Amino acid sequence: MNVVTRFAPSPTGFLHIGGARTALFNWLYARHTGGKFLLRIEDTDRKRSTPEAIDAILDGLSWLGLDSDEPPVYQFARRDRHAEVVRTLLETGHAYRCYCTPEELAEMREKAKAEKRSMRYDGTWRDRDPADAPAGIDPVIRFRAPQDGETIIEDAVQGTVTVANSELDDLIMLRADGTPTYMLSVVVDDHDMGITHAIRGDDHLTNAFRQTQIFDALGWPVPVYAHIPLIHGADGAKLSKRHGALGVDAYRDMGYLPEALLNYLCRLGWSHGDDELFSMAQAIEWFDITDVNKGASRFDFDRLSNLNAKYIDASDNARLIELARPGIEENIGKSLTDAVRNRLETGMDSLKSRAETIPQLVELSMFYCFERPLSYSEKADGILDADARTRLGAVHDVLSGLSDWSQDAIEEAVKEYATSNGLKLGLIAQPLRAALTGTNVSPGIFEVAAVLGRDESLGRIADAASKA
RNA sequence: GACCCCAUCGUCUAGAGGCCUAGGACACCACUCUUUCACAGUGGAGACACGGGUUCGACUCCCGUUGGGGUCGCCA
């Protein structure tokens, strides 16, 4: 079988993290099987669908590299086809017109709630004579659902799930204004697009029963359903903005790399033995939809950050500088000079192993970018007491005499000075760090001095030595 | 409330009846490395929700309880 999967978001907001994972699993499964991955924008709700949301979703997918094999299908554009299918259903007796008003339905709902039942359309118009139709009311068209027996779905993730048909009511397929509803459109589009596997969130599980019934009424084959568990927040409750239900663009802005997010998302509800860090190429090779877990998992920023740190460390320096540049330039209020860029390029190797996110990388890099005189952090300020400043003055003199400004030469000179004066290296290294970086946290101080260059280093040391 | 689904360390998970003295990763704690901070390395603490079955033997199978989640729109 040629596998065809799809991601079918409704464009009512950004591409959130759960949607991203749904897209990822569909994409992985299609790539794994050599099938196709399609995209369908479910924009039949005209009131809530926006072009901005469509762009946000498309941007999010492309940032993650979840490319679809064909241009997206816009569901609303297919409304005539949907209406046509409803007409067929009407002709074959699988559908009927219902003249209940929204108010009457609301009443029904209220009553059901009061009686602690779930709301089910009572079938008022199911077998009623169309001649009874009240004037002036545009009817909706409902599906004539089977009332006896049960509907079974063989879910690739959830297993066999059965529900009594008496639990399901006659859903609306065509609204009073003639537009199709989701339940009908999905069935028609999945069929017409040749979808073989519908991989989607767990929240659609109950919809699968009704969609199965519609497929059956139409005599169409039902796709393989795979309902993947939802992602919860850190507290186990539904994902809210507070704990991660953000658009993928927010993760980009927070400084996460797409490959880190992808790797993390893969491990939420799916695993390949003990493998934690792997490429999408490996995931494609390993992924199978039947290996997805049934239980919901919680979103954990710590794990994402940990993964992100590894991907940052593995990224090439030019890319990291580009990613950090906007943040750096905002801090220094101007664009990067070549001199600064050079420092970043040589210093990046030891900078990047310290950062979990791009903003952290920016923060760690700033001391290479600021111009003299540096401002000192509270801790750096504390380190630079009178004694330290005196020692710095002496170190300045020693280093001024160096003919070779290499990391090794600087280290050797400083160490020699320390030993000959009976000073612990820390008493010099820490003030040196404060002087050169304005902070108390940085890569190795001799490396920093080497990267900064002779003039800049000496200048910064002199600044600190003479500071008030 | 009704229906459906789920249940291994705090979190993500490995585990397809004996391989389990339940493994790995994140987080946490200690130590090593680094006279900083990280990275890395070593070690530690930490779980099969509960109760019944089935079986010679259950984390693994069945039932129930509890807990969690989803759905119940002329939204998708």
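Everything quoted here is computed from the prediction, not taken from an experiment. Chain identifiers are assigned alphabetically (A, B, ...) following the order of the sequence lines, protein sequences preceding nucleic acid strands; residue numbering begins at 1 within each chain.
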*Can you tell which of B/U13, B/C39, B/U36 lies closest to the side chain of A/Ser271?*
B/U13
*Options B/A76, B/U71, B/C72, nucleotide nearest the side-chain atoms of A/Met119*: B/C72
_Atom C1', compared across B/C20 and B/A58: separation rounded to whole Å_ = 11 Å
_Between P on B/C3 and NE2 on A/His227, what's the gap in Å once rounded to a whole number?_
20 Å
*Between B/A76, B/C39, B/G24, spot the one nearest the side chain of A/Thr181, thanks.*
B/A76
*Where the side chain of A/Arg142 meets the backbone of A/Cys98, is there a donor-acceptor pair that is under 3.5 Å apart?*
no
*Are A/Trp270 and A/Phe287 an aromatic pair by the rule of ring centers under 6.0 Å?*
yes
*Provide the distance between the two P atoms, one in B/C37 and one in B/A30, to the nearest whole Å.*
13 Å
*So, A/Arg210 side chain and A/Asp169 main chain: donor-acceptor pair closer than 3.5 Å or not?*
yes
*With a non-hydrogen cut-off below 4.0 angstrom, is A/Thr162 in contact with a base, only sugar-phosphate, or nothing?*
sugar-phosphate
_Please report the distance separating the C1' of B/C33 from the corresponding atom of B/C19, rounded so that it comes out in whole Å._
37 Å
*asked:* Below the 4.0 Å mark, does B/U11 have OP1 or OP2 next to a side-chain nitrogen or oxygen of A/Ser297?
replied: no
*Between A/Arg303 and A/Tyr264, is NZ or CZ placed under 6.0 angstrom from the six-membered ring centre and within 45° of the ring axis?*
no
*Are there more than 12 heavy atoms of other residues, nucleotides or ligands under 6.0 Å from atom CD of A/Glu416?*
no
*asked:* Only pairs with both distances under 3.5 Å count, Watson-Crick or wobble alike; so what is the partner of B/C48 in this structure?
replied: none
*Looking only at side-chain atoms of A/Met183, point me to the closest of B/C74, B/A76, B/G69.*
B/A76
_Rounded distance in Å between the C1' positions of B/C9 and B/C28_ = 12 Å
*Could you work out the separation of B/G70 and B/C12 based on their P atoms and round it to a whole Å?*
15 Å
*Test for a donor-acceptor pair under 3.5 Å between the base of B/A2 and the side chain of A/Arg120, counting only N and O atoms.*
no
*Assign A/Pro443 to base, sugar-phosphate, or nothing according to its heavy-atom contacts below 4.0 angstrom with the strands shown.*
base
*Would you say B/A27 has OP1 or OP2 under 4.0 Å from some side-chain N or O of A/Asn306?*
yes
_Considering every strand and a 4.0 Å limit on heavy-atom distances, what is the contact class for A/Ser442: base, sugar-phosphate, or nothing?_
base
*Please give, in whole Å, the distance from B/U71 P to A/Tyr182 OH?*
12 Å
_I want to confirm an ordering. Mapping A/His204 and A/Asn293 to their closest nucleotides on RNA chain B, which one lands closer to the 5' end?_
A/Asn293
*Select base, sugar-phosphate, or nothing to describe what A/Ala176 touches, counting heavy atoms under 4.0 Å on all strands.*
base
*Grab the CD1-C1' distance between A/Ile445 and B/C37 for me, whole Å please.*
12 Å
_Interatomic distance at P, B/G64 relative to B/C3, whole Å_ = 13 Å
*Rounded to whole angstrom units, what separation is found between the CG atom of A/Asp189 and the P atom of B/A76?*
12 Å
*Does the B/G70 base have a donor-acceptor partner in the side chain of A/Asp202 within less than 3.5 Å?*
no
*Is it the case that A/Asp313 and A/Ser353 place a side-chain donor and acceptor less than 3.5 Å from each other?*
no
*Give the nucleotide from the list B/G23, B/U11, B/C6 with an atom nearest to the side chain of A/Lys294.*
B/C6
*asked:* As a test of reading the structure: which of B/C74, B/A76, B/A2 is closest to the side chain of A/Glu167, going by heavy atoms?
replied: B/A2
*How many Å lie between CD1 on A/Ile152 and C1' on B/C5, as a whole number?*
16 Å
_Donor-acceptor pair, distance only, cut-off 3.5 Å: does the side chain of A/His16 make one with the backbone of A/Gly247?_
no
*What is the nucleic acid contact for A/Cys100, judged by heavy atoms within less than 4.0 Å: base, sugar-phosphate only, or nothing?*
base
*Whole Å only: how far is the CZ atom of A/Phe299 from the C1' atom of B/A27?*
15 Å
*Does the side chain of A/Asp288 pick up a donor-acceptor pair with the side chain of A/Thr290 at under 3.5 Å?*
yes
*What does B/A25 pair with, Watson-Crick or G-U, if both distances are under 3.5 Å?*
B/U11
*Looking for any heavy atom pair under 4.0 Å, which part of the strands does A/Leu205 touch: base, sugar-phosphate only, or nothing?*
sugar-phosphate
*Describe, in one word, how the ring planes of A/Tyr256 and A/Tyr251 are oriented to each other, choosing from parallel (under 30°), tilted (30 to 60°) and perpendicular (over 60°).*
tilted
*Which value, in whole Å, describes the distance between the C1' atoms of nucleotides B/A45 and B/C56?*
36 Å
*Is any N or O donor-acceptor pair between the side chain of A/Arg354 and the base of B/C39 shorter than 3.5 Å?*
no
_Nucleotide nearest A/Leu230 (side chain, heavy atoms from C-beta), chosen from B/A76, B/C6, B/G70_ = B/G70
*Ignoring hydrogens and angles, answer whether the base of B/A76 and the side-chain atoms of A/Asp203 contain a donor-acceptor pair closer than 3.5 Å.*
no
*Any donor-acceptor pair under 3.5 Å linking the side chain of A/Gln158 with the backbone of A/His227?*
yes
*Determine the Euclidean distance between corresponding P atoms of B/C59 and B/U54; express it in Å to zero decimal places.*
16 Å
*Write down the partner of B/A16 under the Watson-Crick or G-U wobble criteria, each distance required to be under 3.5 Å.*
none
*asked:* By the 4.0 Å heavy-atom rule, please label A/Arg433 as base, sugar-phosphate, or nothing.
replied: base
_Any strand counts, and the cut-off is 3.5 Å on both contacts for Watson-Crick or G-U wobble. Which nucleotide pairs with B/A58?_
none
*Could you work out which one of B/G24, B/C26, B/C74 sits closest to the side chain of A/Glu276?*
B/G24
*Rounded to the nearest angstrom, tell me the gap between atom CG in A/Asn165 and atom C1' in B/C4.*
14 Å
*For A/Asp45, answer base if it contacts any base atom (sugar-phosphate contacts may also be present), sugar-phosphate if it contacts only those atoms, and nothing otherwise; contact means non-hydrogen atoms under 4.0 Å.*
sugar-phosphate
*Which of these nucleotides, B/G24, B/A76, B/C5, is closest to any side-chain atom of A/Arg48?*
B/A76
_If I take atom CZ in residue A/Phe301 and atom P in nucleotide B/A25, what distance separates them, rounded to the nearest angstrom?_
23 Å
*Which part of the nucleic acid, if any, lies within contact of A/Val140, taking any heavy atom under 4.0 Å across all strands shown: a base, the sugar-phosphate backbone alone, or nothing?*
base
*Which one, B/G73, B/G69, B/C4, comes nearest to the side chain of A/Arg109?*
B/G73
*Taking a pair as Watson-Crick or G-U wobble with both distances under 3.5 Å, which nucleotide is matched to B/A2?*
B/U71
*Of A/Gly273 and A/Gly444, the one whose closest RNA chain B nucleotide lies more 5'*: A/Gly273
